[in-house]
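None of the values given here were measured: they were computed from a predicted structure.
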Amino acid sequence: MSNRENEEFERDEELLEARRLKRLEMKRKRKIQQRIVLAILAVVLILVIVLIVKGCSGKTAEEKQTETVAPPVETQPEPEPADPDVTATLAAVGDIMMYDSQIKAGQSTDQNGATVYDFSSCFEAITPYTISPDLMVGNLELNFLGVPPYVGNKDLAPYWNAPESLANNLADMGFDILQTANTYSIMNGINGLQSTINILNQAGIDHVGTHATDPAQSGSGGVVLREVNGIKFAFIGFTKGLNSMRLPTNNQYAVDMLYTDYNTDFSKVDTTSILNRVDAAKKLNPDVIVAMLHWGSEYDFTVSSTQDEITELLFKNGVDVILGSHSHFVGPMKMMDVETTDGEKKQCFVAYSLGNFISSMTKQYTQESVILNLEFTKDGKTGDTTISSVNYTPLYVVDRGEGAERRFEVLPIRAAIQTDLFQDYEAAMTAAIDNLKTNTQSNYDSGK
């Protein structure tokens, strides 16, 4: 368990203990009050009986028959005070990519003449938006091998090997969990998958969807569990494929897959494996289950029939939120009314794709993305947790070109326009706001 998780756990335990002691003290006071009331009633009752007995001697038989004794007054115990409602926020972004041009832009030389990499300048403008949510998640489309050469393409091995300093940059800007189940999971074999997990762990970031060891042998069952403000979140992750590769026979547990034919047609949904992971999440008794899915087709807004099938399967069996990636476009997002297999009626949310958070792609729509903001409220009386707010902040990736002091930068569009520092990109960013409204088919734009 990480230091952050230990601190959160200790804080939660302290809060629960304080609430328990407060309830015990209130119960003790109520018992004392009840005893005093009962004692007073007993004295009053004795006096009434004495007066009645004395009065009976001077009254007629008819008067005695009509005499009645008032019943003792019953006191109702005060109701237990209900816990207050609590809220937690979850923010999500799309694909985190690192091409050769990005790696080069982050390269410099330290005072000893050694080559070093730092990508923090890419994220300075967006960090206030990523550091503030209670939980921050995204999709990591690269590997961390921990050694050079650092490569950002698919034609030269090692493939998509990013400098490990990027993991620290992402941790510093608030990322808690990264999806590692995607087409990049085993680009550098199982060793590449395991080293990526290790470097994320060292940076203090959890991973979801890939496994260094068989999750069936672990207590978590391949699920990432986080608790914030008394709300428990369970995260699971899946990918549609592995860039036409297959998992080695002895490591088929290493990546959670959406399809049984994941290296060919993506037509046969792996219902058994999906439900096994959902069931593992439900066994942890979370308030919210989030599924992070690498699915659909690249450069395509279309939602396929199997995506619809997977969405229905997940929501009906207990998942509350689906966060999609892979198309490099921001796709449709919506709330859905669902009745689960247990007969529960609730609202669930799906974002089919969140686009590219950072990359050097130049194809139309690939520079536009969002930071999706979800708020959850847990009812203090019933314990039920619902999605209480949904909105997104439009983002744009600026590329100032080779040789620029700060070449790549992720910008919150409206804030960037207000600074007047990005006039060369203002038209493109303004158009992106409209594109995002159209492509998400929603009115979730926060206006910020």
Check your understanding: Of Thr180, Asn188, Asn191, Asn161, which is the lone residue that meets side-chain hydrogen bond (donor to acceptor under 3.5 Å, both in side chains) with Asn143?
Key -> Asn188
Check your understanding: Are Glu375 and Asn373 close enough, and set up right, to give a side-chain hydrogen bond (donor to acceptor under 3.5 Å, both in side chains), and what steps lead you there?
Key -> CA-CA 7 Å; Glu375 180 189 73; Asn373 305 293; over 6 Å; no
**Study point:** Ring centers of Phe301, Phe329 separated by less than 6.0 Å
**Key:** yes
**Study point:** Candidate pair Ser101 and Phe408, rule side-chain contact (heavy atoms from CB on, under 4.5 Å), full reasoning
**Key:** CA-CA 9 Å; Ser101 56; Phe408 296 98; 3.6 Å; yes
Check your understanding: Got more than 12 heavy atoms from elsewhere within 6.0 Å of NZ, Lys232?
Key -> yes
Review point. How about Asp445 and Asn391: does a side-chain donor come under 3.5 Å of a side-chain acceptor?
Key: no
Review point. Between the side chains of Asn251 and His211, is a donor N or O closer than 3.5 angstrom to an acceptor N or O?
Key: no
Check your understanding: Between Phe349 and Tyr444, is a ring pair (Phe, Tyr, Trp, His ring centres under 6.0 Å) present by the stated rule, with each step listed?
Key -> CA-CA 12 Å; Phe349 178 81; Tyr444 294 129; 5.8 Å; yes
Exercise for review: Carefully, step by step, assess Tyr159 and Tyr184 under the rule ring pair (Phe, Tyr, Trp, His ring centres under 6.0 Å).
Suggested key: CA-CA 9 Å; Tyr159 308 101; Tyr184 294 72; over 10 Å; no
Check your understanding: Parallel under 30°, tilted from 30 to 60°, perpendicular over 60°: which one fits the rings of Tyr117 and Tyr150?
Key -> perpendicular
Review point. When rounded to the nearest 0.5 angstrom, what is the spacing between CG in Asn356 and CD in Glu141?
Key: 7.5 Å
Check your understanding: Is the backbone N or O of Glu344 less than 3.5 Å from a side-chain atom of Asp342, with the two atoms forming a donor-acceptor pair by type?
Key -> no
Exercise for review: Check whether the ring centres of Trp295 and Phe266 lie less than 6.0 Å apart, and answer yes or no.
Suggested key: no
Practice item. Can you sort out the partners of Glu124 under salt bridge (Lys or Arg N to Asp or Glu O under 4.0 Å), two or more places apart, ordered by chain and number? Key: Arg406
Point to revise | Parallel, tilted or perpendicular: ring planes of His328 versus His326, cut at 30 and 60 degrees | key: tilted
Practice item. Would you tell me whether Ser388 and Thr386 have side-chain atoms, one donor and one acceptor, within less than 3.5 Å of each other? Key: no
Point to revise | Any side-chain donor near an acceptor of the partner, Asp270 and Ser273, under 3.5 Å | key: yes
